[in-house]
Amino acid sequence: MKKKIFLFSVLLLFFMFFLFKSFYGKHYLREVASKNNFLIGASVSSSPFLKDEQYKITLKNEFNLLTIEDDMKFARIHPQRNTYNFLIPDLIVEFAEENEMKVRGHTLVWHATLPDWIKDKKYTKEELSSILKSHIQTVVSHYKGKVYTWDVVNEAYNDDGTLRDNIWLRTIGPEYIELAFQWAHEADPNALLFYNDYSNEGLNQKSDAIFEMLKSLKKRGVSIDGVGFQMHSSITYEKNYEVIKENIKRYKDIGLEVHITEMDVKIQHSNKSQKERLQQQAEMYSKTLKLCLSSSNCSSLVTWGVTDKYSWIPNFTGEEDSPLLFDEKYRAKPSYEAIYKLFQEN
Ligand code: XIL
C-alpha cells in the first residue's frame, strides 16, 4: 500500500512539474520581440474585437502594438460635420492600455473612406483647410498621450511619383501634406508622425518621390518622424531585399525611422502545394523582419490582421487566402514560427 502511495506521489510530482514547465516555459511572440526592443503589432477590426473572445486573447498575448484597422478612418470617426464617433476606437485604445500595448493611429488624411458630407459638397480652399485642421486636431487631441504614432498622411502618391489626385490636393493644393503634419504636431507634440504608403519599400519612381518629399519636409523643420512601408505582399512576387535595405538606409541617413505597417503575404495564384506556399510565406515574413532587425532605424512590424479568419484579403481580391501569422483556428503558422525563431536567435 505504502509503495503504491509513494509511486502515486512521484507520478503526481512529475505531472505537476511538466504542467508548470509548459505553462511558464511558453513565451509569446511579444515577449521575444520585446527582448529585441521591437514592436510587433496587428491591426484590429472592430467586429471580431467585439464578438470573438479568442481574437482578443491572441491579440493581447502575442502582440505589443495594435493599429485600428478601420475605425479611425475619416468616415468612421467623423461621419457628420459636427459628429465624432469615438466609441469603438476608445474601447480598443483602452484595451491596448490595459494590456500594455502601444497604439498606432491610422489614418488622418487619405483619399479613401471619406464621409458623404466631404465627398458630395464643393468647399473652398479655406473651408476645406479649416475642416481638415479641425478634424486632425480633434482626433489627435482626443488620443493625446495614448496613440504613440500616427499615420498622418496615407497613400498620397501615384506609382509614377506624381501626387495622387484627391479632394485634398484638388482643393487645398500640395501643401496639404505639410499642413497635416504641422496640425498633428500642434495637437500632440509627443506623438511620432509618419507618412504611410504601399510599393514604397523598393527603389522606384514612387519611393523616390516620397523620399524627396519627406527629406524636404525634414529639412524645413516640419515634424516628421518616419515612413511606413505597408508591405502588402504576395508569394508570387518576390521582393528584392537588398534594395529595400538600401531604401531603409537612405532614410536613416536623413534621420527618419521606417516602420513596416500593414504586412500580409498572399498565397493565392501559386501552383505550389499548400505546405510549400506556407513555407514561402514564412520566408517572406522572416526576410522582412530580418531586414528590419538589422537596420537601426527600423523597430516595428505590424501585420494587417490578427488571424486569417478575418483578413481583408479575400474581400479585396475575391479569392480565398491565408495571409497572416495565425490560421482560421488561431493556430500559429510557419510564418509565426519563423519570426519567433528570428527574435529568439537575434
Ligand atoms: C483596408 C481594411 O483592411 C479593410 O477592412 C477596408 O475595407 C479597406 O481598407 N491600405 C491601407 C489600409 O492603408 O487602411 C487598408 O485597409 C488596406 C490598404
Side-chain angles (χ1 to χ4, degrees), residues 41-52 55 59 63 65-79 85 88-89 92-93 103-116 118-119 135-136 139 143 147 149-159 163-164 166-168 177 180 184 192-202 206-207 210 214 226-234 237 239 258-266 268 288 300-326 328:
S43 72
V44 179
S45 169
S46 53
S47 59
F49 181 83
L50 295 173
K51 63 167 203 257
D52 183 343
Y55 184 84
L59 179 65
F63 300 96
L65 163 69
L66 63 83
T67 304
I68 298 179
E69 189 162 332
D70 287 306
D71 294 276
M72 283 183 172
K73 289 174 180 168
F74 208 127
R76 293 267 183 116
I77 207 164
H78 193 175
N85 197 353
I88 304 257
I92 303 178
V93 169
V103 177
R104 196 180 173 91
H106 179 80
T107 173
L108 299 168
V109 192
W110 195 24
H111 64 276
T113 321
L114 291 173
D116 292 344
I118 295 267
K119 278 192 297 196
H135 171 79
I136 291 177
V139 174
Y143 293 107
V147 163
T149 299
W150 279 102
D151 288 333
V152 178
V153 178
N154 196 33
E155 303 180 353
Y157 279 82
N158 295 312
D159 286 349
L163 278 172
R164 184 195 288 270
N166 65 28
I167 191 164
W168 314 113
I177 297 181
L192 299 178
L193 304 181
F194 272 58
Y195 173 82
N196 192 48
D197 216 322
Y198 61 88
S199 302
N200 60 334
E201 69 275 16
K206 180 174 184 171
S207 72
I210 293 171
L214 298 182
V227 63
F229 296 169
Q230 294 184 5
M231 298 276 268
H232 294 287
S233 317
S234 160
Y237 184 76
K239 293 194 185 284
V258 173
H259 289 171
I260 311 295
T261 52
E262 304 186 12
M263 186 159 179
D264 45 23
V265 182
K266 294 189 271 299
Q268 56 187 267
T288 306
S300 173
L301 186 153
V302 177
T303 59
W304 206 239
V306 176
T307 148
D308 291 342
K309 192 172 178 184
Y310 305 113
S311 161
W312 74 301
I313 292 293
N315 254 340
F316 181 63
T317 62
E319 311 256 348
E320 269 188 33
D321 213 310
S322 39
L324 296 164
L325 304 181
F326 291 92
E328 307 244 335

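Numbering starts at 1 and runs along the sequence shown. For ligands, and for the atoms within them, numbers begin at 1 and follow the listed sequence.
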Check your understanding: Just going by heavy-atom distances, which of E155, H106, H232, Q230 is nearest to atom 14 (O) of ligand 1?
Key -> H106
Practice item. Give the single entry among E262, K73, E69 that approaches atom 1 (C) of ligand 1 most closely by any heavy atom. Key: K73
Point to revise | Nearest-neighbour protein heavy atom for atom 5 (O) of ligand 1, which is reported as residue plus atom name and distance | key: D70 OD2, 2.7 Å
Study note, to complete from the structure: Closest to atom 17 (C) of ligand 1 among protein heavy atoms sits W312 CH2, 3.5 Å
Practice item. Using a 4.0 Å heavy-atom cut-off, say whether T113 meets ligand 1 through its side chain, its backbone, both or neither. Key: neither
Review point. Can you list the ligand 1 atoms lying under 4.0 Å from a non-hydrogen atom of N154?
Key: 11 (C), 13 (O)
Review point. N196 to ligand 1: N or O pair under 3.5 Å?
Key: no
Review point. Is a side-chain N or O of K119 found less than 3.5 angstrom from the main chain of I167, in a donor-acceptor match?
Key: no
Review point. If only atom types and distance count, is the side chain of W168 paired as donor or acceptor with the main-chain N or O of W110 below 3.5 Å?
Key: yes
Check your understanding: Just by distance, with hydrogens left out, do W312 and D264 show a side-chain donor and acceptor under 3.5 Å apart?
Key -> yes
Point to revise | Pair Y310-D52, side-chain donor/acceptor within less than 3.5 Å | key: yes
Check your understanding: Out of curiosity, I77 CD1 to I68 CD1, how far, rounded to the nearest 0.5 Å?
Key -> 7.5 Å
Check your understanding: Taking only residues two or more places apart in sequence or in another chain, which ones pass ring pair (Phe, Tyr, Trp, His ring centres under 6.0 Å) with F229?
Key -> none
**Study point:** Note, D308 side chain near P323 side chain (heavy atom, < 4.5 Å)
**Key:** yes
Review point. At the 4.0 Å heavy-atom cut-off, does W304 count as touching ligand 1?
Key: yes
Point to revise | Proximity flag W110 to ligand 1, non-hydrogen atoms under 4.0 Å | key: yes
